[in-house]
There are 2 protein chains.
Amino acid sequence: MKEPQAVFSDYLAKSNLKMTPQRRLILDVFLRDDGHLASEDLYNMVKREDKSIGQATVYRTLKLLSESGLAKEVHFGDGVTRYERKYGSKHHDHIICEQCGKTLEVMDEEIEHLQEKLAESHGFVLTGHKMYLYGLCADCRKA
Amino acid sequence: MKEPQAVFSDYLAKSNLKMTPQRRLILDVFLRDDGHLASEDLYNMVKREDKSIGQATVYRTLKLLSESGLAKEVHFGDGVTRYERKYGSKHHDHIICEQCGKTLEVMDEEIEHLQEKLAESHGFVLTGHKMYLYGLCADCRKA
DNA sequence: TTCTGTGCAAATGATTTGCAGCCAG
DNA sequence: CTGGCTGCAAATCATTTGCACAGAA
């Protein structure tokens, strides 16, 4: 798999943006951590290695990391946006039309994340899951 | 099932809080709506029937409705907290320990809600679902 | 050189809180 | 009566934005 740094560089180039020491540092520090970091957490960590960095830069860079696919926004319920590392996953679940049997592959990062939290709250460490959604597709509802 | 108004009264009494015309009105207007209301939305709706109501009161009352079990907080990704009606549902899913086979019944309102959103985003109307979480329970991880 | 990036501080937007008077129990 | 409410405005908190200068490409 391509290096995260390369992914980021590519994304920046593709978007006519520039690689800077600040962005490089923020990415490195971000990658070092597992779990979910609030922008401010990351800001504090980064500041240890570069006193001059600005809080706004961390906010701006996290948004870029999200867009580049390297980070994923996570929203708990406090007003704080957190970010976690995102890997090139190909996992998906299914939604099935009860009428015509049509099946779609679907995937929702937030559900995945909440499943983990749910398991956690019951003392489990989640290793996998199956989820099937049943419903009526647009076509069958028209008919 | 007990009337929502009664549920709220009971909750207030139990918590040494008082029923007031404002709270009654906010609850009534809230119950009238399906979907997810931001505090400000509800504030605007309520204000039509009581010009003198304060925004803070709506915030405070929505929190109480949440605590009383009548409303459920919903967090999308914009910085706004929304609320939806909550019903006494008995539906649940399962989490299974891959090691010892122990099974727990679990339930997460937010997952349920997101499943609906996910189905919706694919043009489906959700009629049901099955979800199985697999993991390791606390005991088996210790062993 | 030419934009884009950065730090800073001010601005925003949602939600909370302090306060003085009001009112349900 | 009395302690919980209410509306209002000021205060918070996370995040965004304007700006002048700095530095990648």
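Note on naming: letters A, B, ... go to the chains in the order of the sequence lines (proteins, then strands), and numbering restarts at 1 for each one.
- Between Ser52(A) and Met19(B), it is Ser52(A) whose nearest contact on DNA chain C lies nearer the 5' terminus.
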Please output the side-chain donor-acceptor pairs of residues 11-18 of chain B that fall under 3.5 Å, not counting sequence neighbours, one pair per line with the distance.
| from | atom 1 | to | atom 2 | distance (Å) |
| --- | --- | --- | --- | --- |
| Tyr11(B) | OH | Glu67(B) | OE1 | 2.7 |
| Ser15(B) | OG | Tyr11(B) | O | 2.8 |

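- If you take CD of Gln22(B) and C1' of dC5(D), they are 7 Å apart, rounded to a whole angstrom.
- Considering only side-chain atoms of Glu40(A), the nucleotide from dA24(C), dA14(D), dA14(C) that sits closest is dA14(D).
- When every heavy atom of Cys137(B) is checked against every heavy atom of Cys100(B), the shortest pair comes out as SG-SG, 3.9 Å.
- Note on Lys63(A): only backbone sugar-phosphate atoms sit closer than 4.0 angstrom, heavy atoms only; bases stay farther off.
- We find that CZ of Arg24(B) is positioned 14 Å from P of dC23(C), with the value rounded to whole Å.
- When the P atom of dA14(D) is taken as reference, atom NE2 of His36(A) falls 18 Å away, rounded to whole Å.
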Please tabulate, one pair per line, each protein N/O and nucleotide N/O from nucleotides 18-21 of chain C that are separated by under 3.5 Å, including the distance.
none

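- Counting to the nearest Å, the C1' atom of dC5(D) and the CG atom of Asp50(B) are 14 Å from each other.
- Side chain Lys18(A) to base dC3(C): a donor-acceptor pair is found below 3.5 Å.
- Partner Phe8(B) forms a side chain to side chain contact (heavy atoms under 4.5 Å, CB included) with one of Arg24(B), Met19(B), Glu3(B) and no other, that one being Met19(B).
- Tyr43(A) places its OH atom 16 Å from the P atom of dT16(D), with the value rounded to the nearest Å.
- A heavy-atom distance below 4.5 Å is not found between the side chains of Arg48(A) and Val29(A).
- Protein atom CD of Gln55(A) is 14 Å distant from nucleotide atom C1' of dA10(C), rounded to whole Å.
- Comment: Asp108(B) does not engage Lys117(A) in a salt bridge, judged by the lack of any side-chain N to carboxylate O separation of less than 4.0 angstrom.
- Put simply, Tyr59(B) has no side-chain N or O that comes within less than 4.0 Å of OP1 or OP2 on dT16(C).
- Computed from coordinates, the Tyr11(A) OH to dG5(C) P distance equals 11 Å when rounded to whole Å.
- Across all non-hydrogen atoms, the minimal contact from Met131(B) to Leu118(A) is CE-CD2, 4.3 Å.
- A sub-4.0 Å separation between OP1 or OP2 of dG23(D) and a side-chain N or O of Thr20(A) is absent.
- At the phosphate of dT6(C), OP1 or OP2 sits under 4.0 Å from a side-chain N or O atom of Arg23(A).
- Glu73(B) places a side-chain heavy atom less than 4.5 Å from the side chain of Tyr83(B).
- Per the geometry, CG belonging to Leu27(B) stands 17 Å off C1' belonging to dC5(D), to the nearest Å.
- For the pair Ser39(B) and dT15(C), the criterion of a side-chain N or O lying under 4.0 Å from OP1 or OP2 is not met.
- When each of Leu64(A) and Lys51(A) is assigned the nucleotide of DNA chain C with its nearest heavy atom, Leu64(A) is the one assigned upstream, toward the 5' end.
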